[in-house]
*Asks:* 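Please read through the structure below; I'll follow up with questions.
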Amino acid sequence: MKYYILFGPPGAGKGTQATAMKENYNLRHVSTGELLRNEIAAGTELGLKAKALIDAGALVPDEVVEGMIESLFNSVKDVNGFLLDGFPRTIAQAEALDAMLAKRGEEVTAVVSIMIPDQMIMERIKHRAAIEGRADDANEDTINNRIKTYHDKTEPLVEYYKKAGKYNEADGIGTIEEVRSRIFGIMDKF
Ligand code: AP5
Ligand code: MG
């Protein structure tokens with residue numbers, strides 16, 4: 001199995017690019033944000049707890065998302081691999097992922113990072129707010145907190161994966177098609 005991490009700040013285009021990537025490389029797309037939004041929509045206990053944190057632009061506890069990922073690793077079989085979108089998001093999650101994969105005799109195949117500047121994050125998320133109606137897109141303070149959370153908690157993963165020799169970056173500025181061809185150029189190496 002291949003284990004790709006689709007990395008990048010909020011609004012960079014992870015979900016957008018994942019659609020083409022999963023089809024082209026026969027991967028199971030796993031967005032922890034989407035899984036959590038499904039829990040909220042279903043009104044589960046987990047969803048209720050997650051909602052307050054997501055609406056504040058904070059992260060949900062590491063154990064919650066780690067559990068979701070591990071149960072998918074145990075159940076999904078009929079693909080070439082996984083495309084992890086929005087996970088890991090902290091050093092602790094990255095270490096947990098390494099441990100989960102080591103137990104299976106596997107490792108992270110590659111990190112594909114989509115990078116855009118902060119000011120473009122705000123533009124793209126505001127544009128999407130009108131289309132998708134996500135609660136965490138509706139309020140400028142929430143978006144700013146998501147950007148801050150990204151820099152504080154998630155950006156250190158760039159160094160973590162550079163040190164591991166797994167980090168690959170695609171410039172996220174340009175049309176969706178331009179970014180996709182940069183990403184495919186990276187994916188084709190693995
Ligand atoms: P999550 O759902 O992962 O949100 P995010 O990381 O903030 O990323 P987004 O989904 O907002 O952006 P995206 O990169 O997918 O961009 P998109 O393709 O939609 O997480 C939500 C929350 O859940 C977190 O804040 C946290 O609370 C919690 N959570 C999730 N995972 C967690 C974890 N591991 N640990 C703890 N908590 C977790 O594109 C954005 C817009 O731009 C779209 O409108 C799109 O059409 C447009 N666009 C895309 N590409 C281009 C382009 N090239 N040119 C112009 N427009 C473009
Ligand atoms: Mg997304």
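We count residues from 1, following the sequence as given. Computed from a predicted structure; not experimentally measured. Note that ligands are numbered from 1 as they come in the structure, with each ligand's atoms numbered from 1 the same way.
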*Asks:* For atom 29 (N) of ligand 1, state which one of D171, L35, T32, L36 supplies the nearest heavy atom.
*Replies:*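 That would be L36.
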*Asks:* What's the spacing between E107 CD and D98 CG if we round to 0.5 Å?
*Replies:*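 Interatomic distance, E107 CD to D98 CG, rounded to 0.5 Å: 9.0 Å.
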*Asks:* Closer than 4.0 Å to some heavy atom of D136 - which atoms of ligand 1 meet that?
*Replies:*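 Listed by number with element: 21 (C).
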*Asks:* Going by the order shown, which atoms of ligand 1 are within less than 4.0 Å of some heavy atom of A58?
*Replies:*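 Those of ligand 1 that fall under 4.0 Å from A58 are 26 (C), 27 (O).
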*Asks:* Can you tell me which residue and heavy atom of the protein come closest to atom 39 (O) of ligand 1, and the distance to 0.1 Å?
*Replies:*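 Nearest neighbour among protein heavy atoms for atom 39 (O) of ligand 1, to 0.1 Å: T16 OG1, 3.6 Å.
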*Asks:* Look only at interatomic distance and state if G86 has a nitrogen or oxygen under 3.5 Å from any nitrogen or oxygen of ligand 1.
*Replies:*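 Yes: some nitrogen or oxygen of G86 is under 3.5 Å from one in ligand 1.
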*Asks:* Are any of the heavy atoms in V65 under 4.0 Å away from ligand 1?
*Replies:*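 Per 4.0 Å heavy-atom rule, V65 contacts ligand 1.
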*Asks:* Please enumerate all residues that pass salt bridge (charged side-chain N to carboxylate O under 4.0 Å, His left out) together with K51, with sequence neighbours excluded.
*Replies:*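 By the salt bridge (charged side-chain N to carboxylate O under 4.0 Å, His left out) rule, K51 matches D55.
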*Asks:* Under 4.0 Å from any heavy atom of R37, which atoms of ligand 1 are there?
*Replies:*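 Listed by number with element: 2 (O), 21 (C).
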*Asks:* Based purely on interatomic distance, does P10 place a nitrogen or oxygen under 3.5 Å from a nitrogen or oxygen of ligand 1?
*Replies:*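 In this structure, P10 places no N or O atom under 3.5 Å from an N or O of ligand 1.
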*Asks:* Pairs of donor and acceptor atoms involving the side chains of residues 77-84, under 3.5 Å and at least two apart or interchain, shall be tabulated with distances.
*Replies:*
from	atom 1	to	atom 2	distance (Å)
K77	NZ	N74	O	3.0
N80	ND2	Y25	O	3.4

*Asks:* Return yes when R134 approaches ligand 1 closer than 4.0 angstrom through a heavy atom, no otherwise.
*Replies:*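 Yes; R134 lies near enough to ligand 1 that a heavy-atom distance drops under 4.0 Å.
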*Asks:* Within a distance under 4.0 Å of any heavy atom of T175, pick out the atoms of ligand 1 and give their elements.
*Replies:*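 So the atoms of ligand 1 that pass are 53 (N).
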